[in-house]
Amino acid sequence: MLRYTLRQLEYFVAVGETGSIARASERINVSSPSISSAISQLEQEFGLRLFVRQHAQGLSLTQAGREMLEQARLVLREAGALMDIAGDIAGSVRGPLAIGCLLTFAQLVLPTLRRGFEAEFPAVRLRQHEMNQVELFSALRRSEIDIALTYDLDLPADLQFTGLVLLPPIALMGVDHPLAQEKEVTMEQLKDHPMVLLDLPLSADYFLSLFDEIGEKPVITERTRDMAVMRSMVGNDFGYSIANVRPLSDTSPDGNAVRCVPIGGKVRPLRMGFLTAQDAVRSNAVRAFVEYGSEMVRSGRLARIGGEALV
């Protein structure tokens, strides 16, 4: 006879993933005493020590705790699947929905998309994860997320992509850059100027491939893995950079003016869209999220990021 609850397992997983009762409390919006009590009850029920209490560094999983954490995640996923099946049978849109988003444009797209979706489907419990492209592939394969919003960058055959927006590359540069007043630039014009490379897995390969198409190499003087840092470096005249999503502001995070100049010529655009596991059974919540995102594109509510609608 089970003497523990799914809610206790949820609290355990939250603490195991954050390493802190306080951070778990913020993440799942439950009081710290309630979480602490649930952990103690689980340890008593299992007869195992799940965490080592470290006063200055929070909680660390024991070896038993790490093994139990993996099983607890599995139990919670299966319990969620039961709710999905029930919702599908009833035709309702409800249950958990884990969304991954490519971190280069997550701040520009995901909050708006999520806010409208949650207002329309309040019974869906949505969680978001910002990741790079390789991490998104892995999370989909391990069923840690249900769907990803990303680019069609080096997509593996076992994942299924649905395009939403076609996004040609653009050059970002400070207002004093020699090319800042051009209406359009080419890769030939950019190749000899200092470049700030957004150095993320697969994304960097795409940016560099634009120079490969003209048989040249860029002059990379700075690298960063953070989109906001890249824009600030551009605004401070460390060099130009390349992106596919147009920033919503003409200023960098630290307040300097930044110009966005289209890149002309034969340059490969990227498609932004939804990515799912090829053999995944889509729940009503996943199908509703895909349709909601498609409708946002069709209605022009994502037009501010630039590009051409594909739906």
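By convention here, the first residue in the shown sequence is residue 1. The model shown is predicted, which means the values in this text are computed figures rather than measured ones.
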Legend entry - Test side chain to side chain contact (heavy atoms under 4.5 Å, CB included) applied to Val245 and Leu302, Leu270, Leu108, Ile170, the passing residue: Leu108

Inset, instruction - Look at the side-chain heavy atoms of Ile, Leu, Val, Met, Phe, Trp and Tyr, link any pair under 4.5 Å apart, and say whether Phe238 and Val175 land in one connected group. - result: no

Legend entry - Spacing of Gln160 atom CD and Thr276 atom OG1 [to the nearest 0.5 Å]: 4.5 Å

Inset, instruction - Please answer whether the main-chain N or O of Arg127 pairs with a side-chain N or O of Arg114 as donor and acceptor at a distance below 3.5 Å. - result: no

Legend entry - Phe161 versus Met272, closest heavy-atom pair with distance: CZ-C, 3.8 Å

Inset, instruction - Please name the pair of heavy atoms, one in Ser232 and one in Asp254, separated by the smallest distance, quoted to 0.1 Å. - result: OG-OD1, 3.5 Å

Inset, instruction - Answer yes or no: is there a side-chain heavy-atom contact under 4.5 Å between Leu59 and Ile39? - result: no

Inset, instruction - Indicate yes or no: at least one non-hydrogen side-chain atom of Ser249 is less than 4.5 angstrom from one of Arg231. - result: yes

Legend entry - Non-hydrogen side-chain atoms of Pro201 and Met131 separated by less than 4.5 Å: no

Inset, instruction - Would you sort out whether Met173 and Leu190 count as a side chain to side chain contact (heavy atoms under 4.5 Å, CB included), showing the intermediate values? - result: CA-CA 11 Å; Met173 55 190 70; Leu190 292 171; 4.2 Å; yes

Inset, instruction - For the pair Asp250 and Arg259, evaluate salt bridge (Lys or Arg N to Asp or Glu O under 4.0 Å) and give the outcome as yes or no after the intermediate values. - result: CA-CA 7 Å; Asp250 292 332; Arg259 287 264 297 148; over 6 Å; no

Inset, instruction - Examine the side chains of Gln133 and Ser203 and answer whether a donor and an acceptor come within less than 3.5 Å of each other. - result: no

Inset, instruction - Examine Val311 and Leu166 and state if one hydrophobic cluster contains both, with Ile, Leu, Val, Met, Phe, Trp and Tyr joined whenever side-chain heavy atoms are less than 4.5 Å apart. - result: no

Inset, instruction - Check whether any side-chain heavy atom of Pro247 sits under 4.5 Å from a side-chain heavy atom of Cys260, and report yes or no. - result: yes

Legend entry - Ile263-Val219 co-clustered via ILVMFWY side chain contacts under 4.5 Å: no

Legend entry - Any side-chain heavy-atom pair of Met187 and Phe211 under 4.5 Å: yes

Legend entry - Intermediate values then yes/no, side chain to side chain donor-acceptor pair (under 3.5 Å), Glu213 and Ser209: CA-CA 6 Å; Glu213 291 175 5; Ser209 74; 4.8 Å; no

Inset, instruction - Show your reasoning for whether side chain to side chain donor-acceptor pair (under 3.5 Å) applies to Gln71 and Glu67. - result: CA-CA 7 Å; Gln71 189 63 33; Glu67 294 182 23; over 6 Å; no

Inset, instruction - Rounded to the nearest 0.5 Å, what's the gap from CZ on Arg223 to OG on Ser241? Could you check? - result: 11.5 Å

Inset, instruction - Compare every heavy atom of Leu167 with every heavy atom of Gly307, then report the nearest pair and how far apart it is. - result: CA-CD2, 3.6 Å

Legend entry - Minimum side-chain heavy-atom gap Leu149-Phe105 below 4.5 Å: yes

Legend entry - His177 and His193 aromatic ring geometry - parallel, tilted or perpendicular at 30°/60° bounds: tilted

Inset, instruction - Side-chain contact test, heavy atoms from C-beta onward, threshold under 4.5 Å: evaluate it for Gln189 versus Thr186 and give yes or no. - result: yes

Inset, instruction - Specify the closest pair of heavy atoms between Val297 and Ala309, including all atoms of both residues, with the distance to one decimal. - result: CG1-CB, 3.5 Å

Inset, instruction - For a side chain to side chain contact (heavy atoms under 4.5 Å, CB included) with Leu200, tell me which candidate from Asp226, Thr104, Leu102, Thr224 qualifies. - result: Thr104

Legend entry - Short side-chain to backbone donor-acceptor contact, Ser40 and Ser36, under 3.5 Å: yes

Legend entry - Mutual orientation of the aromatic rings belonging to Phe289 and Phe117 [parallel < 30°, tilted 30-60°, perpendicular > 60°]: perpendicular

Legend entry - Under 3.5 Å: donor-acceptor pair, side chain of Asn256, backbone of Ser252: no

Inset, instruction - Indicate yes or no for a side-chain donor-acceptor contact from Thr18 to the backbone of Ala14 under 3.5 Å, with no hydrogens or angles considered. - result: yes

Legend entry - Donor-acceptor pair, side chain of Glu26 and main chain of Arg23, under 3.5 angstrom: no

Legend entry - Heavy-atom pair with the smallest gap, counting every atom of Val267 and Pro169: CG2-CG, 3.8 Å

Inset, instruction - Given side chain to side chain contact (heavy atoms under 4.5 Å, CB included), test Leu198 with Met227 step by step and report yes or no. - result: CA-CA 7 Å; Leu198 187 60; Met227 186 76 170; 3.7 Å; yes

Inset, instruction - Starting at SG of Cys101, measure out to CD1 of Ile145 and round the result to the nearest 0.5 Å. - result: 9.5 Å

Inset, instruction - May I ask whether Tyr11 and Leu74 are part of the same hydrophobic cluster, defined by side-chain heavy atoms of I, L, V, M, F, W, Y residues being less than 4.5 angstrom apart, directly or through others? - result: no

Inset, instruction - Among Val234, Val261, Ile242, Val196, find the residue that satisfies the side chain to side chain contact (heavy atoms under 4.5 Å, CB included) test when tested with Leu172. - result: Val234

Legend entry - Gln44 atom CD, neighbour heavy-atom count above 12 within 6.0 Å: no

Legend entry - Ionic contact status for Glu144 with Arg73, cut-off 4.0 Å: no

Legend entry - Pair Arg301-Glu295, side chain to side chain contact (heavy atoms under 4.5 Å, CB included): steps then yes or no: CA-CA 9 Å; Arg301 284 179 286 171; Glu295 178 55 32; 3.9 Å; yes

Inset, instruction - Please confirm whether the backbone N or O of Leu61 pairs with a side-chain atom of Arg66, one donor and one acceptor, at under 3.5 Å? - result: yes

Inset, instruction - Dump the intermediate steps for side chain to side chain contact (heavy atoms under 4.5 Å, CB included) on Leu179 and Tyr240, then the final yes or no. - result: CA-CA 9 Å; Leu179 301 175; Tyr240 72 92; over 6 Å; no

Legend entry - Residue list, side-chain contact (heavy atoms from CB on, under 4.5 Å) with Glu120, at least two apart or on another chain: Tyr292

Legend entry - Beyond-backbone contact of Arg141 with Pro156, side-chain heavy atoms, under 4.5 angstrom: yes

Legend entry - Closest non-hydrogen atom pair between Leu76 and Val13, with its separation: CD1-CG2, 3.8 Å

Legend entry - Ionic contact status for Glu291 with Arg298, cut-off 4.0 Å: yes

Inset, instruction - Quick one: pull up CG in Leu110 and NE2 in His129 and give me the separation to the nearest 0.5 Å. - result: 10.5 Å

Legend entry - Approximate separation, where rounding is to 0.5 Å, of Ile35 CD1 and Glu10 CD: 9.0 Å

Inset, instruction - Treating Ile, Leu, Val, Met, Phe, Trp and Tyr as nodes and any side-chain heavy-atom pair under 4.5 angstrom as an edge, say whether Leu153 and Leu310 lie in one connected cluster. - result: no

Inset, instruction - Start with the C-alpha distance between Thr5 and Arg7, add both sets of side-chain angles, then the distance that settles side chain to side chain donor-acceptor pair (under 3.5 Å), and finish with yes or no. - result: CA-CA 5 Å; Thr5 67; Arg7 182 152 296 175; over 6 Å; no

Inset, instruction - Hey, could you give me the CD1/CG distance between Ile220 and Leu208, rounded to the nearest 0.5 Å? - result: 5.0 Å

Inset, instruction - Might you confirm whether atom CZ of Arg27 has over 12 heavy atoms from other residues, nucleotides or ligands at distances under 6.0 Å? - result: yes

Legend entry - Main-chain N/O of Val290 paired to Ser294 side chain as donor or acceptor, under 3.5 Å: yes

